[in-house]
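The following block contains the structure, expressed as structure tokens.
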Number of protein chains: 2
Amino acid sequence: MVDLNSSIDPSPLREEDLRQGIELLFYAYRDFTGEPDAILDKYDLGRAHHRVIYFVGRNPGITVTELLEILRITKQSLSRVLGHLLETDFISQRADPADRRRKQLTLSDKGKALEHELTSTQMERFARAYREAGAEAVEGFRRVLIGIVEPEDRARVRPAAIRAQNRR
Amino acid sequence: MVDLNSSIDPSPLREEDLRQGIELLFYAYRDFTGEPDAILDKYDLGRAHHRVIYFVGRNPGITVTELLEILRITKQSLSRVLGHLLETDFISQRADPADRRRKQLTLSDKGKALEHELTSTQMERFARAYREAGAEAVEGFRRVLIGIVEPEDRARVRPAAIRAQNRR
DNA sequence: GAATTAAGGTCAACCATATTGACTTAATTA
DNA sequence: TAATTAAGTCAATATGGTTGACCTTAATTC
């Protein structure tokens, strides 16, 4: 248990600062999902589709099980969303030659185009924020948010070079 | 439009770094809501109730309209959640004496206790992350996330002292 | 080779949280 | 007094999640 109200602590983690973090995360997430949501409407897709498209695009050949671990939802819930993306040819699947039970998911060209349309709004938002805050602030942002993520998932969010080492 | 692929730019905002930001926000938000969700289950409440309890606790006397602006949901959607919290005495309301159309919302003692139970798990998560990352990193975290939030809502997330000035 | 395990899929029922749209009431403001 | 504002309500609908039961196919283990 952390002492949240000490007025003696020389370098106190004040409750106010902690609540500010909570609120920043709430507002940032709210606004960061707003623009993609509007685009998704045009395609009759929802935020859940965006998440699938994003992580398949980011991890070409990812399997259903791996996707479920990232999204932390049930297979049945993923099934409707992924099924629709397969039917509408945003995503393609093929059996893993090394283990034919596994299906490797990839974005089609159509899927890549949508992924780019969706993600570029979010990347532009981050680009502005990074530019205005400066490189040092970006490093701090990373350090704090990595600390918020559960330790066992921290490796997922490392830069691509490091991620490749940890892969399978 | 930001140039995301320049290999000439001397200080490039690489796509990889921007995607890392996107993913950090996704994973951090996912994990940051996990613990409260488990507690809420015990009370037969959901994440929507948590948000209402949090922001009423944080802004005692807040009105329905102000709450809607923060949450960015519709009145009808708030109604069920808030109605239930009023029925079960987590939240109390009283008419604003200066404008009796407005209803000022506050947490009951029961509501305060639940707010604390829920929020303390999130504050502990932030306290650990802040402590491990260091004060400078925390400042960077703040600067970047404030830049992600829509400009018109940035004032909402300033420390209490500044917030009080901007109030009404 | 048979049994077990793993990956994926499916059906069904259900629930939480959100939406749009139309309408009402009460109180304040012009 | 008329218009506006704050809040509430009814109804229909959509989305994205859940639990639980069950099936097929392929790989692994005994």
Side-chain angles (χ1 to χ4, degrees), chain A residues 26 29-30 33-34 36-56 61-88 91-105 168, chain B residues 26 29-30 33-34 36-56 61-88 91-105 168:
Chain A
F26 169 78
Y29 194 82
R30 184 197 67 174
T33 50
D37 283 356
I39 295 167
L40 288 157
D41 270 353
K42 295 190 307 185
Y43 295 88
D44 274 294
L45 299 173
R47 196 179 293 179
H49 301 93
H50 184 191
R51 291 198 280 252
V52 172
I53 286 172
Y54 183 87
F55 286 107
V56 171
I62 193 173
T63 65
V64 169
T65 302
E66 289 173 316
L67 206 42
L68 291 175
E69 284 164 5
I70 289 174
L71 299 175
R72 296 246 183 106
I73 58 174
T74 60
K75 188 172 47 161
Q76 296 90 324
S77 186
L78 176 59
S79 142
R80 248 171 317 128
V81 172
L82 178 57
H84 184 237
L85 292 172
L86 289 166
E87 275 171 23
T88 50
I91 290 183
S92 338
Q93 57 180 185
R94 71 170 203 281
D96 179 345
D99 181 343
R100 290 179 24 257
R101 290 173 306 179
R102 297 186 187 203
K103 297 194 179 156
Q104 300 177 321
L105 304 170
R168 241 150 311 279
Chain B
F26 169 78
Y29 194 81
R30 184 198 66 175
T33 50
D37 284 356
I39 295 167
L40 286 158
D41 270 354
K42 295 190 306 184
Y43 294 89
D44 273 294
L45 299 173
R47 196 179 293 180
H49 301 93
H50 185 193
R51 291 198 281 252
V52 171
I53 287 172
Y54 183 86
F55 285 107
V56 170
I62 192 173
T63 65
V64 169
T65 302
E66 290 174 316
L67 205 43
L68 291 176
E69 284 163 7
I70 290 174
L71 300 175
R72 295 244 184 110
I73 57 174
T74 60
K75 189 173 44 163
Q76 295 91 323
S77 186
L78 176 59
S79 143
R80 245 171 320 123
V81 173
L82 178 56
H84 184 237
L85 292 172
L86 288 165
E87 273 171 25
T88 49
I91 290 183
S92 338
Q93 55 180 187
R94 72 173 202 280
D96 179 345
D99 180 344
R100 291 179 25 255
R101 290 173 306 179
R102 297 187 186 203
K103 296 191 180 159
Q104 301 178 321
L105 304 171
R168 244 152 306 277

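Quantities reported herein were computed from a predicted structural model and do not represent experimental measurements. We name chains A, B, ... by the order of the sequence lines, and we start the count at 1 in each one.
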Worksheet item: At what distance, to the nearest 0.5 angstrom, does CZ of B:R102 lie from OG1 of B:T65?
Response: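 Spacing of CZ (B:R102) from OG1 (B:T65) equals 7.5 Å.
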
Practice prompt. Starting at atom CD of A:E69, determine the distance to atom P of C:dA6, rounded to an integer number of angstrom.
Written response: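 Atom-to-atom, A:E69 to C:dA6, this comes out as 13 Å.
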
Worksheet entry | A:F26: ring-ring contact (aromatic ring centres under 6.0 Å, His included) partners, not counting sequence neighbours |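 For A:F26, the residues satisfying ring-ring contact (aromatic ring centres under 6.0 Å, His included) (neighbours in sequence not counted) are B:F55.
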
Item to complete: Round to the nearest Å and state the distance from A:I91 atom CD1 to C:dG9 atom P.
Response: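 Interatomic distance, CD1 of A:I91 to P of C:dG9: 12 Å.
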
Worksheet item: How long is the span from the NE2 atom in A:H49 to the NE2 atom in A:H84, to the nearest 0.5 Å?
Response: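 Between atom NE2 of A:H49 and atom NE2 of A:H84 there are 5.5 Å.
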
Item to complete: Report yes if some heavy atom in the side chain of A:P97 is under 4.5 Å from a heavy atom in the side chain of A:Q104; otherwise report no.
Response: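 A:P97 vs A:Q104: side chains touch.
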
Discussion item. Using 0.5 Å steps for rounding, measure from the OH atom of B:Y29 to the CZ atom of A:R30.
Written reply: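 Spacing of OH (B:Y29) from CZ (A:R30) equals 10.5 Å.
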
Between the protein and nucleotides 1-4 of chain C, list the N/O to N/O atom pairs that are separated by less than 3.5 angstrom.
none

Worksheet item: Tell me: CG of B:D41 to C1' of C:dC15, nearest whole Å?
Response: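 So the CG-C1' distance, B:D41 to C:dC15, works out to 12 Å.
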
Worksheet item: Nucleotide by nucleotide, 5' to 3', does protein get under 4.0 Å of the base (B), only the sugar-phosphate (S), or neither (-) in nucleotides 2-8 of chain D, counting heavy atoms?
Response: ---BSBB

Practice prompt. State which residues pass side chain to side chain contact (heavy atoms under 4.5 Å, CB included) with A:R101; sequence neighbours excluded, sorted by chain then number.
Written response: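 Only A:D99 meet the side chain to side chain contact (heavy atoms under 4.5 Å, CB included) criterion with A:R101.
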
Worksheet item: Got a donor-acceptor pair under 3.5 Å from the side chain of A:Q76 to the base of D:dG20?
Response: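 Per atom types, the contact qualifies.
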
Item to complete: Please indicate whether B:R94 has more than 12 foreign heavy atoms, meaning atoms of other residues, nucleotides or ligands, lying under 6.0 Å from its CZ.
Response: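 Count not over threshold, so no.
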
Practice prompt. Would you give the length of the straight line joining atom NE2 of B:H50 to atom CG of B:L45, rounded to the nearest 0.5 angstrom?
Written response: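 Those atoms lie 10.5 Å apart.
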
Discussion item. Taking atom types as they are modelled, would you say the side chain of A:R80 forms a donor-acceptor pair with the base of D:dG17 within the 3.5 Å cutoff?
Written reply: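 A donor-acceptor contact between them is present.
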
Discussion item. Is it the case that the side chain of A:S79 and the backbone of A:K75 share a donor-acceptor pair, with hydrogens and angles ignored and the cut-off at 3.5 Å?
Written reply: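 Pair absent, no side-chain N/O of A:S79 close to backbone of A:K75.
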
Worksheet entry | side-chain contact (heavy atoms from CB on, under 4.5 Å) evaluation trace for A:T63 with A:D96 | CA-CA 9 Å; A:T63 65; A:D96 179 345; 5.6 Å; no

Practice prompt. To the nearest 10°, let me know how far the axis at one end of the helix from C:dG1-D:dC30 to C:dA30-D:dT1 is tilted from the axis at the other, five pairs an end.
Written response: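 Between the axes fitted at each end of the helix from C:dG1-D:dC30 to C:dA30-D:dT1 lies an angle of 30°.
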
Practice prompt. Let me know the distance between CG of A:L85 and P of C:dG9, rounded to the nearest Å.
Written response: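 Distance, rounded to whole Å: 13 Å.
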
Worksheet item: When you measure from every atom of DNA chain D, which of residues 43-56 of chain B have a heavy atom less than 4.0 Å away?
Response: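 Per residue number, the list is empty: none.
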
Worksheet item: With side chains defined as the heavy atoms from C-beta onward, is the minimum distance between B:D41 and B:D37 less than 4.5 Å?
Response: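 SC-SC contact between B:D41 and B:D37 ruled out.
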
Item to complete: Grab the CG-C1' distance between A:L67 and D:dG16 for me, whole Å please.
Response: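 So the CG-C1' distance, A:L67 to D:dG16, works out to 15 Å.
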
Worksheet item: For the atom pair CD1 (A:I73) and CD1 (A:I70), what is the distance rounded to the nearest 0.5 Å?
Response: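 Going from CD1 on A:I73 over to CD1 on A:I70, the span is 11.0 Å.
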
Worksheet item: Do the non-hydrogen side-chain atoms of A:L71 and A:L78 ever get within less than 4.5 Å of each other?
Response: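 With C-beta onward as the side chain, the pair touches.
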
Worksheet item: For the pair made of NE2 in B:H84 and C1' in C:dA18, what is the distance, rounded to whole Å?
Response: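 Result: 18 Å.
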
Worksheet item: For B:L68 and C:dT19, what is the distance between atoms CG and C1' respectively, to the nearest whole Å?
Response: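 Going from CG in B:L68 over to C1' in C:dT19 covers 14 Å.
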
Worksheet item: Does a nitrogen or oxygen in the side chain of A:T74 sit under 4.0 Å from OP1 or OP2 of D:dG17?
Response: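 No, outside the criterion.
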
Practice prompt. Figure out the CG/P separation between A:D37 and D:dA14, and round it to whole Å.
Written response: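 Distance, rounded to whole Å: 18 Å.
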
Worksheet entry | Point-to-point distance, once rounded to the nearest 0.5 Å, from CG of A:L105 to CD1 of A:I91 |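 With rounding to 0.5 Å, CG (A:L105) is 6.5 Å from CD1 (A:I91).
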
